[in-house]
Amino acid sequence: MAIATNLKNINETIPEGVTLVAVSKTKPTESILEAYEFGQRIFGENKVQEMTIKWEVLPKDIEWHMIGHVQRNKVKYMAEYVSLIHGVDSLKLLKEIDKQAKKNNRVISCLLQIHIANEESKFGFDEKELLHLLESEEFKSLENIKIVGLMGMATFTKDINQIRKEFKNLKVLFETTLSMLADVKVLSMGMSGDYQIAIEEGSTMVRIGSSIFGARNYS
Ligand SMILES: *Cc1c(COP(=O)(O)O)cnc(C)c1O
């Protein structure tokens with residue numbers, strides 16, 4: 001009941017053209033089903049193992065997005081079914097995704113994660129690394145991955161101007177990427193606390209967890 005109400009309220013604040021990823025990490029399958037019954041079909045998880053268990057038991061028309069940091073040795077467990085990997089932060093990881101996608105006769109859609117926050121702990125490419133990657137022959141030779149856009153996480157702060165500035169920077173890089181690659185259309189930015197700013201700054205995909213499912217308990 002609460003989940004459906006939350007979803008309804010959030011959907012009302014999200015304009016057409018912006019996709020909602022319901023971030024269900026740590027939440028039980030019952031909660032996901034509640035959102036599913038309300039019509040939500042895209043769910044985001046940050047651990048491959050947890051996502052795979054949920055994929056196995058839940059309806060097959062759910063699109064699973066991997067939004068967390070991905071270890072290369074885990075790619076094989078999701079290669080069969082994952083619909084979008086948000087946090088691609090190295091050529092090495094991209095090559096492993098390409099390899100596992102090939103084994104599964106698939107082309108896996110990926111977002112390149114960009115480091116926009118002024119925090120050490122957040123993963124991702126900076127501008128120079130991004131351009132270097134996009135121009136490299138090795139990158140261009142990968143056939144079983146498709147880069148459909150960029151993803152970023154703003155600094156965890158109450159300073160709205162700081163958050164806005166970081167989203168603006170990401171949008172600039174998104175425009176650059178758009179001009180270099182054919183399939184780019186997704187700009188994944190914005191979470192429960194900052195998605196409205198992200199949308200104002202050009203987000204096309206928001207990843208919202210706690211505002212839908214409630215606060216997470218990490219044990
Ligand atoms: C957990 C997580 C989210 C959702 O965070 P909320 O604040 O609960 O909305 C979004 N993006 C990433 C990468 C996450 O790990």
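Note that the numbering runs from 1 along the sequence shown for the chain. Both ligands and their constituent atoms are indexed starting at 1 by order of listing.
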Practice item. Between Met189, Lys25, His65, Met191, flag the one that comes closest to atom 14 (C) of ligand 1 by a heavy atom. Key: Lys25
Point to revise | Residues which pass ring-ring contact (aromatic ring centres under 6.0 Å, His included) with His69, listed by chain and number, not counting sequence neighbours | key: Phe123
Practice item. Would you mind listing which atoms of ligand 1 come within a distance below 4.0 Å of any non-hydrogen atom of Ile208? Key: 9 (O)
Check your understanding: Does Ile67 have a non-hydrogen atom less than 4.0 Å from ligand 1?
Key -> yes
Practice item. Step through the shown structure and confirm whether more than 12 heavy atoms of other residues, nucleotides or ligands are within 6.0 Å of CD on Gln49. Key: no
Exercise for review: Anything under 30° is parallel, anything over 60° is perpendicular, the rest tilted; go ahead and classify His65 against His86.
Suggested key: tilted
Exercise for review: For residues Glu30 and Leu33, determine if any side-chain heavy atom of one lies less than 4.5 Å from a side-chain heavy atom of the other.
Suggested key: no
Check your understanding: Is there a donor-acceptor pair closer than 3.5 Å between any side-chain N or O of Thr155 and the backbone N or O of Thr157?
Key -> no
Exercise for review: Please check if the side chain of Glu129 supplies one atom and the backbone of Asp126 the other of a donor-acceptor pair under 3.5 Å.
Suggested key: yes
Check your understanding: Does any N or O atom in Val23 lie less than 3.5 angstrom from one in ligand 1, N or O only?
Key -> no
Revision key, fill the gap. Numbered in order shown, the ligand 1 atoms found under 4.0 Å of a heavy atom of Met153 are 13 (C)
**Study point:** Per-residue contact class, His69 against ligand 1 - non-hydrogen pairs under 4.0 Å
**Key:** neither
**Study point:** Ligand-side contact atoms (ligand 1) for residue partner Gly209, heavy atom cut-off under 4.0 Å
**Key:** 4 (C), 6 (P), 8 (O), 9 (O)
Exercise for review: May I ask you to list the atoms of ligand 1 that are less than 4.0 angstrom from any heavy atom of Arg207?
Suggested key: 4 (C), 9 (O), 10 (C), 11 (N), 12 (C), 13 (C)
Practice item. Carefully, step by step, assess Tyr81 and Thr52 under the rule side chain to side chain contact (heavy atoms under 4.5 Å, CB included). Key: CA-CA 9 Å; Tyr81 70 90; Thr52 301; 2.8 Å; yes
Check your understanding: Where does His86 meet ligand 1, judged by heavy-atom distances below 4.0 Å: at the side chain, the backbone, both, or neither?
Key -> neither
Check your understanding: ligand 1 and Arg216, any nitrogen or oxygen pair closer than 3.5 angstrom?
Key -> yes
Study note, to complete from the structure: ligand 1 atoms nearer than 4.0 angstrom to some heavy atom of Met151 are 13 (C)
Revision key, fill the gap. Paired with Ile147, the side chain to side chain contact (heavy atoms under 4.5 Å, CB included) test is passed by just one of Val186, Leu94, Leu142, namely Leu94
Review point. Are more than 12 heavy atoms from other residues, nucleotides or ligands located less than 6.0 Å from atom NZ of Lys102?
Key: yes
Practice item. Look at atom 8 (O) of ligand 1 and find which of Ser210, Ala22, Ser188 reaches it with the closest heavy atom. Key: Ser210
Check your understanding: For Ser211, is at least one N or O under 3.5 Å away from an N or O on ligand 1?
Key -> no
